Each structure stands twice: as structure tokens, then as C-alpha cells.
Amino acid sequence: MPIQTYNTLSRRKEPLVPITSGHINLYVCGITSYDFCHIGHARSALVFDMIVRYLRYRGYTVTYIRNFTDIDDKIIKRAAEQNVDASTLAQRFIDEFYVDMDRLGVDRPTLEPRATEHIAEMIALIEELIAKGLAYQAGTDVYYAINTFPQYGKLSGRNLDDMQAGARIAINENKNHPMDFVLWKGSKPGEPTWDSPWGPGRPGWHIECSAMSRKYLGDSFDIHGGGQDLVFPHHENEVAQSEGASGKCCATTWIHHGFVTIREEKMSKSLGNFLTIREVLAHYHPEALRLFICSTHYRNPLDFSETAMDDATAGLDRLYECMAFIDDLNKKESREGQAAIASANDTKKLQSLEERFQKAMDDDFNTALALGILFDGVKSINKIGQHLPTTAALSDLQLLKTVGKLIRDLAGIMGLLRKDAASYLLEKKATMLEGLDITEPEILEAIQQRKDARTAKDWARGDSIRDHLLGKGIELKDSAQGTTWTVKRG
RNA sequence: GGCGGCGUAGCCAAGUGGUAAGGCACUGGUCUGCAAAACCAUGAUUCAGCGGUUCAAAUCCGCUCGCCGCCUCCA
């Protein structure tokens, strides 16, 4: 049973059948680099990072191309405001983008081409379109004549008549048809320019992706991805350009992810209600953001809130605590003949975990369900761990360790559990401690005092020390191995 | 006006014809001197509402209500 993916083009789930067996060519529209990235950009990067990792886990080799738009109106405008040139501004925010991606642990794509490095390819493509009668020059601009592409609208599911009824399109005297879009714009004084057969100018937004996807992946490739807002006009126009030029289907499958909202409202630059990745990471662990993003299906809207991030953090802690328990099993004594604790039901559940995970992910990358399966595994592990005797059965230990490693590997596809569990918990403790009015030596001192009091069976004094710590945000846990402490959540 | 999506327990969220995963929160129990953590148990006779198809519907069809996105730069 092949992986099923929802295809925007056909509006349904379809089996993913690569053009070249065993290999997936993927092109994703990346950022326009003129500002810090917000968590909507993070969703895009994380969703496709997950998809690529899953495809590789399933045995495909993947060529993953993600571009940078490093020349565009917004970049020019922002650069002018800041009195720097456009390329300097673009480079600065590409650098900042990498800072964010590295903190999120996003793997680098195979190639990250930039628009400004592919001007020649774009010019060649525009010439090809003109030669085929699909584009025309008007003054110093070149436009795509959408009337020449009968299938225009097939990706976004709309037709020209409907769109004109909306009539939110500014009239441009140069265009033959109001919906024609620009392939090349003649430049105004002071703007970055490149020479072209139509005079000095710069490329329109859509042409870069057609030129670069074609250069690196060929006329036809497997998956083209991006945010839902790119469906129209960006991807619709890409289809017109690429398929107009090649006469072939450009991408078999189109994958579009949903938006991040804040207070149920789409987060966007124009609304000014966006949160940058670094603002979020100042308060939350990168993996908590990843877990949050994987907690719903990639096509659904996702509402960002403190509560949601706290929930995600609690879930991540639960996963790591389980991993820490598994790691500690190495110190545990075992014996071959010891009766096993694991019930038949739990054993069965744990043994089928990978199969269930795959089934969930094969169904259009259902990370929400996949996470549920991992948590279910954690529950079974904890249950067995709860009843493990001092000298455990070898079979129990083997089962726990095997499944623990499996959960870690599978969670890794979503970018989770990539840290050493003990380090994660220690770091977390240290970070949380920073915000509190107490230091670790003070806590350890208090624990020692309480221990002395308890040894003397002075429960009242022991409890008062514990309550005092709790008042400072420190929770104690007594166990056979001694007393440990954690920072109270919330 | 056109196109598309969504509405499942207090919150988040799977489930697209066979009798409601998982997480967070809450409550009771086990454990503990008392706690905490963990575990166990409990929670929707029900999936926005109303009708219809079916032996069977959260899942299919119709209508109603509510919310959201795209149609303009946008992940």
C-alpha cells in the first residue's frame, strides 16, 4: 500500500507514485527574505522537513529544492527604508533564517537556489513563452497571456469569469487582459536591474520558481509544495508558465499546508499580528513548537496560544521522561527466568507500534494520529515500568529498550526526542530555575535538611521544608533512590 | 458575488459506513508518614441543528445555523 497524499490539483487523496521509482523530486516555495520569519514560516519549514524525513524513512531518496526569493517589491521597499541595497538586505535575512532553522533543527534541503542567481534561466524561459505566443511585451514589461492557456485555473479550482466578478484587480493599461500577470518588469530609476531583451528590469515573482524547478528537477517532477495562500495566484501562474513552455505536466502532486492563526485570525504581515520564530523560542523549547505543529494535520488551521504551547511542552516532557526511564534501564539488573510483567495486550500493542505509526503517516502524513500512537506506547512502557521488580525479567527489559529506541526513532521523523533525555530534563530544569527566586545549591541544602528531619521522623519540619520549596516553585519526588526535585509546571 | 474548508468531551485533536484514538485539565483509587511522579479507574449513549438514504452514519445526501480561508503581497 503506497503512501497516500492529498493533491490540491485533484482535490483528493491519491497514491504517491514517483515518476522515477524509489525517488521523489520535491520543490517547495521558500521565503521572501526581507524580515525575520514568523511561526507561519516555521510551520512550512517543519511540515516539509517532516515529509522529507518520512519519505526517506520509507526508503525513498529525496531531492528537496527550496528557493529563496531574494529580489521582489517588498525587498526593494524595505531596503530603501533602511537605506541599504536590496541584495544586502536579502542576504541579512537569509542569514537570520538559517539561525532560526538551525535552532529548530530543520535539515537543509538538497539545494537552495536563489532567484537572483537564475536571471538567465528566467529570461530564457520568458523568451520561450514569447516565441510560443503565450507571452507578450508591453512597453518595458512582459506579460503572460492567460487566454492562451486554456487550463488556467485548474489548480485553484476557479475560472476567469468568477474571478473577474470579484474585481479586486487593479486595472493596468498595459495588459491585454486584466488577469494577465507580469513575467518581467522594466525597472524604475534606483531599483536593482538586470539586462534583458526587453531592456533593463527584473523578473516577476512567479517566473523564478518555474525556471528553478525546471533547471534542477526537469519539466516534470513529483511534488510541489507551499502554504495554502500560494495556491492562487502564485502556483496557478507557475502551472501556466511551466506547462505552457514544456507542454508537460509540471508537478504530479501539489501539497499545501494550512495557516497558523492567532486568536482564530490568520497571522500575516499585513495584519501585523505575527510572532517571530525567535520570539516563540525565547519562551519555548524548539521541540515543543514542533510537537505543537505536528499535533494537528498539516492541512488544518492551527491556532497558536500560550495554552497550546504549554500543552505541547507538557507532552514533550512526558515523552522525554519516558526516554529517561528507558535510558536508566541500562543500570537495572535482570535475570533470565524471572516472570515477565508485560501483559499480552501491552506486548502486542508495543510490537505493532511501528506498523500503526506507518499506517497513520502513510495516510497523508497524519502526524496527529501518529503522535497519539507514540503516546499510547509511552503509556504501555510506563505501565510495565511501574511494576518492574528490582531484578527484572530479561524479556521485559529487552522489550522496553527496543520499543524505547523505536519511539525515539519514529519521533525523530517529526524532529522530536533528538536530545539526550537526561540532558533535556537537566537543561529544562536549569532554564526554569532561572526564573525562580532560588538556586540549586539552596535546593540541595534544603533537601538535605529535610532528609535529616525525616530520618528523625520530624514530619512536620520535613513537610514545612517541602512546602517552603513548593512556594518557590520546586516540587520534590521521594523514591527508593533518594529525593529528586523538579521545577513546578505552569 | 465566486471558490474552498471547518464545526467531535472543559480545552487541543484523530476517526470519512460497522458502533467514538491520543494529549492537556478535573475527580476517585493504588503507592507514600503526608505528598509529588507514575499507574489504575471514571467522563461524549454521542459527534453544530433538522430531515433523508442504509440492516448499520460522526462518517453518504439535502437543508439550516455558526466560524474561517482564498479571489491583492503573504507560509
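Note that this is a predicted model, so its numbers are computed, not measured. A note on names: the letters A, B, ... follow the listed sequences, proteins ahead of strands, and every chain is numbered from 1.
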Base, sugar-phosphate alone, or nothing: which one does A:R12 contact when heavy atoms must sit under 4.0 Å apart?
nothing
Aromatic ring centroids of A:H285 and A:Y424 under 6.0 Å?
yes
Taking side-chain hydrogen bond (donor to acceptor under 3.5 Å, both in side chains) as the test, write out the residues that go with A:T253, two or more places apart.
none
Is the terminal nitrogen or CZ of A:R299 (NZ for Lys, CZ for Arg) located under 6.0 angstrom from the six-membered ring centre of A:Y6 and within 45° of that ring's axis?
yes
Under 4.0 angstrom, heavy atoms only, what part of the nucleic acid is A:T296 near: base, sugar-phosphate, or nothing?
sugar-phosphate
Considering every strand and a 4.0 Å limit on heavy-atom distances, what is the contact class for A:K266: base, sugar-phosphate, or nothing?
base
Side chain of A:D396, backbone of A:I341: donor and acceptor closer than 3.5 Å?
yes
Mind checking A:H257 for me? I need base, sugar-phosphate or nothing, with any heavy atom below 4.0 Å counting as a touch.
base
Across all chains, not counting sequence neighbours, the side chain to side chain contact (heavy atoms under 4.5 Å, CB included) partners of A:K451 are A:Q448, A:T455
Does A:K266 qualify as a cation-pi partner of A:F259, given the criterion of NZ or CZ under 6.0 Å from the six-membered ring centre and within 45 degrees of its axis?
yes
Interface residues of residues 36-50 of chain A with RNA chain B (non-hydrogen, below 4.0 angstrom)
A:H38, A:G40, A:H41
Looking at residues at least two apart in the chain, or sitting in another chain, which of them share a side-chain hydrogen bond (donor to acceptor under 3.5 Å, both in side chains) with A:D362?
A:Y54, A:R58
What nucleic acid atoms does A:N300 come within less than 4.0 Å of, heavy atoms only: base, sugar-phosphate, or nothing?
sugar-phosphate
Any residue of residues 456-464 of chain A with a heavy atom less than 4.0 Å from an atom of RNA chain B
A:W459, A:D463
A:D303 and A:T261: which non-hydrogen atoms are nearest, and at how many Å?
OD1-OG1, 2.6 Å
Is it the case that A:R108 places NZ or CZ above or below the six-membered ring of A:Y98, under 6.0 angstrom from the centre and within 45 degrees of the axis?
yes
Tell me, with the steps shown, if A:D107 and A:Y64 meet side-chain hydrogen bond (donor to acceptor under 3.5 Å, both in side chains).
CA-CA 10 Å; A:D107 289 339; A:Y64 173 23; over 6 Å; no
Would you indicate what A:D73 reaches in the nucleic acid, counting non-hydrogen atoms under 4.0 angstrom: base, sugar-phosphate, or nothing?
nothing
With respect to the phosphate group of B:rC39, does any side-chain polar atom (N or O) of A:N382 fall under 4.0 Å of OP1 or OP2?
yes
Distance criterion of 3.5 Å, no angle test: do you see the side chain of A:R158 paired donor-to-acceptor with the base of B:rG4?
no
Write out the stems for RNA chain B, ordered by first number and formatted as range with range, counting runs of at least 3 consecutive Watson-Crick or G-U wobble pairs under 3.5 Å.
B:1-7 with B:65-71, B:10-12 with B:22-24, B:27-30 with B:38-41, B:48-52 with B:60-64
Would you mind classifying the nucleic acid contact of A:L291 as base, sugar-phosphate or nothing, using non-hydrogen atoms under 4.0 angstrom?
nothing
Is it possible for you to check whether A:R66 lies under 6.0 Å from the centre of the six-membered ring of A:F48, through NZ or CZ, and within 45° of that ring's axis?
no
